[in-house]
Protein chains: 2
Amino acid sequence: MDALLDLPQLRTFFTLAQTGSFTACARRLNRTQSAVSHAMARLEELAGVRLLERRGRSLGLTEEGRRLYQACEQVFATLDAASEDLRRHQSLSKGRLRVGATVEFGSSILMRHMQPFLAANPDLEIDFTLSHDLLAPLLRDDLDLIIDCLEHLLPSLKKTPLFRETYVVACAPAFRKAHRIRVPGDLGRCPVLSLDKAGTWWNRFLMAVPGRDQPQLERFIAIDHIRAMIHAAAEGMGALLVPRYSVLEELERGDLVALFPAIRPAEDRFSIYQKKVKASQEKQKLLTRYLQGLSPAEFGS
Amino acid sequence: MDALLDLPQLRTFFTLAQTGSFTACARRLNRTQSAVSHAMARLEELAGVRLLERRGRSLGLTEEGRRLYQACEQVFATLDAASEDLRRHQSLSKGRLRVGATVEFGSSILMRHMQPFLAANPDLEIDFTLSHDLLAPLLRDDLDLIIDCLEHLLPSLKKTPLFRETYVVACAPAFRKAHRIRVPGDLGRCPVLSLDKAGTWWNRFLMAVPGRDQPQLERFIAIDHIRAMIHAAAEGMGALLVPRYSVLEELERGDLVALFPAIRPAEDRFSIYQKKVKASQEKQKLLTRYLQGLSPAEFGS
DNA sequence: GTCCATGCATGAATAGTACTCATGAACAGG
DNA sequence: CCTGTTCATGAGTACTATTCATGCATGGAC
């Protein structure tokens with residue numbers, strides 16, 4: 001009857017209208033800007049009408065776009081309600097699910113969000129394994145799934161993208177003041193915390209800095225534990241480069257301040273790696289879907 | 001936020017609930033039964049709940065299914081309204097579009113449905129070419145698109161499936177009475193109309209008849225024009241095998257009656273073959289989408 | 001006015017999904 | 001019990017969406 005409207009496209013259009021920017025929308029939906037652009041092109045072509053007003057920097061909706069937006073509001077309201085309803089009534093899975101994650105991610109972010117999930121599925125028992133070496137236990141059958149930003153090395157694992165891991169450079173407010181840090185170049189003079197002694201840890205940042213602003217980092221302090229590094233930074237020991245999720249609280253409380261927000265180090269993509277076994281498959285899906293449902297903002301992207 | 005619900009799947013679920021049968025639903029949506037089955041499997045797996053009650057012959061909805069159905073009603077109502085709205089407001093295309101079809105299909109079905117389309121797009125001029133040999137004019141640039149059940153021989157043509165062409169065996173009511181036709185085998189005794197002298201035309205039917213009922217057709221009357229064949233049959237000259245769409249009116253008026261409804265000869269698939277030229281591309285899409293929007297029932301499938 | 005930064009568009013290659021075809025199993029009617 | 005439906009399942013394929021890598025335009029700073 002219709003064949004005219006495609007849900008993912010509409011969802012994109014909807015959040016695009018809300019965010020007001022292709023890039024922002026893409027980040028919110030865990031897509032690339034290109035994907036959003038393509039999707040909107042398809043949608044407009046399908047509709048046969050221009051829906052967006054591109055005026056350089058800002059963008060708005062056309063008359064038709066506004067009407068479509070209203071339709072979207074309704075549609076997504078009922079749709080989300082329906083899927084919420086389904087989620088509630090789905091037969092509760094019983095049994096055990098063994099989840100792995102790196103300590104840093106697991107202890108900070110993951111734990112925070114597991115509570116509601118466990119509350120919703122009281123019959124599910126979950127074991128968490130937080131370590132740095134997750135692959136071994138996964139292979140040894142100790143784990144059903146892990147959450148990490150590995151490359152996809154094992155074909156036997158199903159990979160489901162979760163969110164983008166963004167990095168921030170940060171330091172204690174007093175530290176910034178003391179060293180008068182304003183541009184990346186200023187970092188050359190002050191101590192920086194690194195996971196490794198050689199300081200290769202900071203390459204991710206350096207590569208994102210425009211050529212002429214390149215700081216010559218020299219005074220590295222090596223700490224091989226992220227949590228410890230964060231505490232050290234909060235005490236004013238130096239600047240650090242960490243996944244944003246690991247310092248959400250510190251940033252909020254003001255223990256740390258983010259430096260150079262304009263510079264965006266390369267992102268990694270956290271994914272869920274599922275082991276393909278029948279026994280825990282349903283439970284894996286349950287958790288996977290729950291985590292996918294969380295907005296990227298919850299992970300600090 | 002959701003990622004839980006997929007529109008095509010819901011549409012399938014929706015019409016499945018209405019038709020009450022996988023096969024019927026498939027026919028309505030121009031898919032195979034297999035596709036419907038797969039889609040429902042995915043949907044239920046996604047929802048985590050059984051939505052359908054399979055009880056052998058008949059099928060019903062579970063409690064959750066019923067709720068989802070209601071959500072669908074709402075969603076599709078607004079969605080269809082929205083796309084209707086868009087269609088109305090899309091910039092009217094101007095210019096000429098050259099359409100080809102086989103005489104039989106073109107004169108009977110196509111014409112019947114072009115009126116509303118032309119009314120909706122008054123600035124569009126359409127030329128129809130109805131002939132048996134359509135490929136030549138298409139290549140010679142005389143046509144922008146054709147509607148037929150060709151195989152896809154030219155890679156330069158974009159193929160868009162439209163509907164399934166089903167075949168019926170029919171004859172005049174008096175003819176059936178006179179020859180006491182009840183089972184396929186009975187056809188052996190009476191004259192049958194064929195497009196070709198050898199009677200290969202009837203193979204499509206014969207191949208669908210279970211082995212032991214195979215009639216030995218012997219008395220062929222060759223008429224190389226379908227319309228003429230239909231008139232002949234209506235006069236009681238013999239039984240005929242034709243695409244259902246070509247005799248919709250005759251069947252309705254009772255000039256012809258369908259024989260052996262249980263036997264379904266192999267179907268062909270009508271498609272729209274579009275020439276990839278910029279000039280008429282938009283207009284091609286307009287027409288294509290309009291025809292796709294018509295329910296298969298309108299074409300007699 | 002020129003330069004640079006940012007935001008969107010475009011095109012080719014790829015990954016992932018949904019369809020079809022060909023079977024298989026279960027159930028009802030003769 | 002056999003025959004004919006109806007739905008499920010699995011392998012192969014076609015197609016669609018996404019990404020990556022660019023290109024183009026606009027707005028702001030100097």
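A, B, ... follow the sequence lines: proteins, then strands. Residue 1 opens every chain. Small disclaimer: the values here were computed from a predicted structure and weren't measured.
Side-chain contact check for Leu143(B) versus Tyr273(B): every heavy-atom pair is 4.5 Å or farther apart.
What separates CG of Leu10(A) from P of dA17(D) is a distance of 12 Å, to the nearest Å. Regarding Phe22(A), its CZ atom lies at a distance of 14 Å from the P atom of dT18(D), rounded to whole Å. In this structure, Glu45(A) places its CD atom 15 Å from C1' of dA17(D), rounding to the nearest Å. Counting to the nearest Å, the P atom of dG4(D) and the CZ atom of Phe260(B) are 16 Å from each other. The nearest whole Å value for the distance from the CZ atom in Arg264(A) to the C1' atom in dT6(C) is 10 Å. Atom P of nucleotide dT6(C) and atom CZ of Arg27(A) are separated by 12 Å, given to the nearest angstrom. Atom-to-atom, CE of Met40(A) to C1' of dT10(C) comes out at 16 Å; the value is rounded to the nearest Å. Atom CZ in Arg50(A) sits about 11 Å away from atom C1' in dA9(C), given to the nearest Å.
Contact check on Arg54(B) versus Glu44(B) returns a salt bridge, with a Lys/Arg side-chain nitrogen under 4.0 Å from an Asp/Glu carboxylate oxygen.
The aromatic rings of Phe163(A) and Tyr245(A) sit perpendicular, their planes meeting at an angle over 60°, well past the 30° parallel limit.
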Protein N or O to nucleotides 14-20 of chain C N or O, pairs below 3.5 Å:
{"residue": "dC19(C)", "atom": "OP2", "partner": "Arg42(B)", "partner atom": "NH2", "Å": "3.1"}
{"residue": "dT20(C)", "atom": "OP2", "partner": "Thr32(B)", "partner atom": "N", "Å": "3.0"}
{"residue": "dT20(C)", "atom": "OP2", "partner": "Thr32(B)", "partner atom": "OG1", "Å": "2.8"}
{"residue": "dT20(C)", "atom": "O4", "partner": "His38(B)", "partner atom": "NE2", "Å": "3.2"}

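In this structure, Ser37(A) reaches the bases: a heavy-atom distance under 4.0 Å links it to at least one base atom across the strands shown.
Across all non-hydrogen atoms, the minimal contact from Leu259(A) to Ile181(A) is CD1-CG2, 4.3 Å. Scanning both residues, Met40(B) and Gln9(B), for their nearest heavy atoms gives CE-O, 3.5 Å.
With dA8(D), dC7(D), dC8(C) as the candidates, the nucleotide lying closest to the side chain of Arg54(B) is dA8(D).
Every residue two or more places apart in sequence or in another chain that forms a ring pair (Phe, Tyr, Trp, His ring centres under 6.0 Å) with Phe14(B) is listed here: Tyr69(B), Phe76(B).
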